[in-house]
Number of protein chains: 2
Amino acid sequence: MQKLTLKKIAQELDVSISTVSKALRDSPEISDDTRQKVKAFATLYNYRPNKIALSLKNRKTKTIGVIIPEIVHHFFTLVVSGIEEVANSRGYNVIIGLSNESFSKEVTGMETLANGSIDGFIMSVARETQLKKDYHHLNETIDQGMPIVMFDRAIDSVACDKVIVDDVEGARKAVAKLLSLQCKNVGILTTEDHVNVGKLRTKGYRKAMKEANLEIREDHILKLADDLNREENLSQLKEVIKTYLMENAAIDGLFAVNEIYALTAMKAAMQLGKDIPKDFKVIGFTDGVLSKYATPSLTTVSQHGKQLGQKAAALLIDRLEKDNFDPPFETVVIETELVERKSTS
Amino acid sequence: MQKLTLKKIAQELDVSISTVSKALRDSPEISDDTRQKVKAFATLYNYRPNKIALSLKNRKTKTIGVIIPEIVHHFFTLVVSGIEEVANSRGYNVIIGLSNESFSKEVTGMETLANGSIDGFIMSVARETQLKKDYHHLNETIDQGMPIVMFDRAIDSVACDKVIVDDVEGARKAVAKLLSLQCKNVGILTTEDHVNVGKLRTKGYRKAMKEANLEIREDHILKLADDLNREENLSQLKEVIKTYLMENAAIDGLFAVNEIYALTAMKAAMQLGKDIPKDFKVIGFTDGVLSKYATPSLTTVSQHGKQLGQKAAALLIDRLEKDNFDPPFETVVIETELVERKSTS
DNA sequence: TATCAACACGAAAACGTTTTCGTGACATGC
DNA sequence: GCATGTCACGAAAACGTTTTCGTGTTGATA
């Protein structure tokens, strides 16, 4: 049983293709008689218009392309689920491309989608792209009239809508919380400076300290090397953190820029005999699944990934459905939220 | 700068559309002169054929649809990453539909994709679909000539390729492991019977016990209600498990059919003063991210989600690229692997 | 010089829609 | 009886490709 088309219906009913099309779309040009005849036939055999043909005709696909660095990652899946939700409710499909943090995969991935398959992009750039600072592929697709919405890892110099997390403020709130809980010495576990979010969250740490009129001790700021993030180096990561905690024994509050750092720090601290949260409090960033199930459960700064995705999709679709793509670009900031758990109370 | 088409190139170079098309595809009909002229122009202005037009012409889209129950789920993201990897390497794109475990979303989601947008499906059915046992939408799409590959939650009565995890054997191996570690009383935390994987893994438990000539004590089998899985009921889940552990104090080995049950059981056991792994050993199922970072880290049965996705994509694309969709259907079983961590040693 | 390949290209159909513009039949108005 | 209008429908173009089938020009051959 092959797909039913307008042409086949027309042949079957001995009318023209145009008549069938119009009848199905309730055109007043068609008599009630024929209209009903056509509609009955169509429903009986379950006619569905071919989407590809429609896309070609209308020059829009009702599909949005999502490019993310990886999918095995809780934050990105939350964003995707938010995107999918509003996209679906507004009649759009979602097509996914993974860059695997690689610049060239990002470029080719976008190229294969930009040739008619989709109407616009929602994306978070690969780490390698951030390092190279090469954004020609973004600017080119925008020049071709295809709108982009960037999220999380947004690039200032690219002219498009953006949805970002307020990393600085989220970090500031976390550190302020630790201070309000009477922590006397608050440290931070962060990344090397070239990782944008690490830099921003460190900025938030400094801000909170400054607001509390506390001296910022550079030896309380531990910048962890990239390669320690890899799974096989987990035990090494723990040792580095443990050393840090021993050398800075006064630290009684710790802010970590991601879940892994926070959990590893908790393990290290417990091995050093510290009692969490009594004499050592920890807050992480990213409301991942680990925080909830850690022992003790971890207080974190939630980024509201799902709302972020919803907002990004809404921005893109709004722009797609304007007859004019030009209105000024927006940058929406998603508020973070401190989710308190056992590691601080 | 709008998209370049064959027609525009033709106008610009004052030749016909066919000539341009042939030149670009290195047809011998075209003289070297014109061919080079056309190609130079095309590369200069970065011509890319419109994919939608090609799809319409060729009646294939080089896109595969993936329908999964949810995306904020480690196992499914692993599968998707595997699918994406081989799909991409073979020139296919991936479009994602989420059913959110809902039957009707699954049906409409498949319908919107089946009308020309994709060449075939890879899917895992929604829980509600399993309950209703209504598979008409699957059979209909297969009847229309669109191939489906089912994974993980596969349905016997649907005639298509399948890639499944050997739940029974995985569970059997896990329980056998506990027994070999000298556990005298091994219990199981499982789901209600209507959850297929729960049923299968329980079967594996029974099998292992039988093979060891041990009596199966029904009170050692705890079937946890569905609604305890929800996040807000986490503490309730822990209490239920704690009660079970108190009533069955002899249990020194526990197999849990998922990560959450396993982690929660570990927490409960520790609160009851048990030492893991010395006097209480735990093994979970699903190689999620939680297991690695739990304290103590959790031994689990890995399902190799990524390989599963790769295999599913390979099966689908192989079938799509045969000129004949009919060859007999395959059911591939992905071997599980016991990943040993601290909760058993 | 008439015939015939070979060559290099163009016209047109096809994929499945939607939409504009005709057009023939019939009824109405004077 | 003639102009005009309405009704109900069909032809054709368009979206951007690929491909089949002409066809006009050239050069060689008999």
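So that the names make sense, note that chain A is the first sequence line, chain B the second, and so on, each numbered from 1.
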*Asks:* Please give, in whole Å, the distance from C:dG16 P to A:Lys8 NZ?
*Replies:*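 My rounded result for the distance is 7 Å.
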
*Asks:* Got a salt bridge between B:Arg90 and B:Asp318, using NZ or NE/NH1/NH2 to carboxylate O under 4.0 Å?
*Replies:* yes

*Asks:* To the nearest Å, give me how far apart NZ (A:Lys51) and C1' (D:dC15) are.
*Replies:* 17 Å

*Asks:* To the nearest Å, give me how far apart CG (B:Leu13) and C1' (C:dC9) are.
*Replies:* 14 Å

*Asks:* Closer than 4.0 angstrom, basic N to acidic O: yes or no for A:Arg48 and B:Glu140?
*Replies:* no

*Asks:* Could you work out which one of C:dT17, C:dC15, D:dC15 sits closest to the side chain of B:Arg59?
*Replies:* C:dC15

*Asks:* Is the distance from OP1 or OP2 of D:dC15 to the nearest side-chain N or O of B:Lys7 less than 4.0 Å?
*Replies:* yes

*Asks:* When you get a sec, tell me which of D:dC9, D:dT19, D:dG16 is the closest nucleotide to the side chain of B:Ser21?
*Replies:* D:dT19

*Asks:* Distance check needed: C:dT18 P versus A:Lys60 NZ, whole Å only.
*Replies:*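 So the NZ-P distance, A:Lys60 to C:dT18, works out to 14 Å.
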
*Asks:* For nucleotides 10-12 of chain D, tabulate all protein N/O to nucleotide N/O atom pairs closer than 3.5 Å, reporting atom names and distance.
*Replies:*
unit_1: D:dG10; atom_1: OP1; unit_2: A:Ser16; atom_2: N; d: 3.3
unit_1: D:dG10; atom_1: OP2; unit_2: A:Ser16; atom_2: N; d: 2.9
unit_1: D:dG10; atom_1: OP2; unit_2: A:Ser16; atom_2: OG; d: 2.9
unit_1: D:dG10; atom_1: OP2; unit_2: A:Thr19; atom_2: OG1; d: 2.1
unit_1: D:dG10; atom_1: O6; unit_2: A:Lys22; atom_2: NZ; d: 2.5
unit_1: D:dA11; atom_1: N7; unit_2: A:Ser18; atom_2: OG; d: 3.2
unit_1: D:dA11; atom_1: N6; unit_2: A:Ser18; atom_2: OG; d: 3.2

*Asks:* Of the nucleotides C:dT18, D:dT17, C:dC15, which has the atom closest to the B:Pro49 side chain?
*Replies:*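 The answer is D:dT17.
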
*Asks:* Should the pair A:Phe75 and A:His73 be assigned to parallel (<30°), tilted (30 to 60°) or perpendicular (>60°) ring geometry?
*Replies:* perpendicular

*Asks:* Counting only side-chain nitrogens and oxygens, does A:Tyr47 get under 4.0 Å of the OP1 or OP2 atom of C:dT17?
*Replies:* yes

*Asks:* Using the side-chain hydrogen bond (donor to acceptor under 3.5 Å, both in side chains) rule, take A:Thr61 and A:Asp119 through it: C-alpha gap first, then chi angles, then the decisive distance, then the call.
*Replies:* CA-CA 6 Å; A:Thr61 61; A:Asp119 296 340; 2.9 Å; yes

*Asks:* Can you pull out every ring-ring contact (aromatic ring centres under 6.0 Å, His included) where at least one residue sits in residues 109-139 of chain A? Sequence neighbours excluded, please.
*Replies:*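 Checked against ring-ring contact (aromatic ring centres under 6.0 Å, His included) - neighbours excluded - the pairs reaching residues 109-139 of chain A are A:Phe103-A:His137.
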
*Asks:* Which whole-number value in Å describes the distance from B:Asn58 CG to D:dT19 P?
*Replies:* 8 Å

*Asks:* Between the side chains of B:Glu321 and B:Lys62, is the shortest nitrogen-to-carboxylate-oxygen separation below 4.0 Å, so that they form an ion pair?
*Replies:* yes

*Asks:* In whole Å, what is the span from the CG atom of A:Leu24 to the P atom of D:dC9?
*Replies:*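 Computing the A:Leu24:CG to D:dC9:P distance gives 14 Å.
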
*Asks:* Is the distance from OP1 or OP2 of C:dC9 to the nearest side-chain N or O of B:Ser31 less than 4.0 Å?
*Replies:* yes

*Asks:* Between A:Glu70 and A:Lys105, does any NZ, NE, NH1 or NH2 come within less than 4.0 Å of an OD or OE carboxylate oxygen?
*Replies:*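 Not counted as a salt bridge, because no side-chain N and carboxylate O are separated by less than 4.0 Å.
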
*Asks:* Between P on C:dA8 and CG on B:Asp33, what's the gap in Å once rounded to a whole number?
*Replies:* 10 Å

*Asks:* Base, sugar-phosphate, or nothing: which does B:Thr34 touch, judged by heavy atoms less than 4.0 Å apart?
*Replies:*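 Result for B:Thr34 = sugar-phosphate.
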
*Asks:* Atom NZ of B:Lys57 to atom C1' of C:dT17: distance rounded to whole Å?
*Replies:* 16 Å

*Asks:* Counting the atoms with a prime plus P, OP1 and OP2 as sugar-phosphate, which does A:Leu6 contact under 4.0 Å by heavy atoms, base, sugar-phosphate, or nothing?
*Replies:*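 The residue A:Leu6 makes base contact.
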
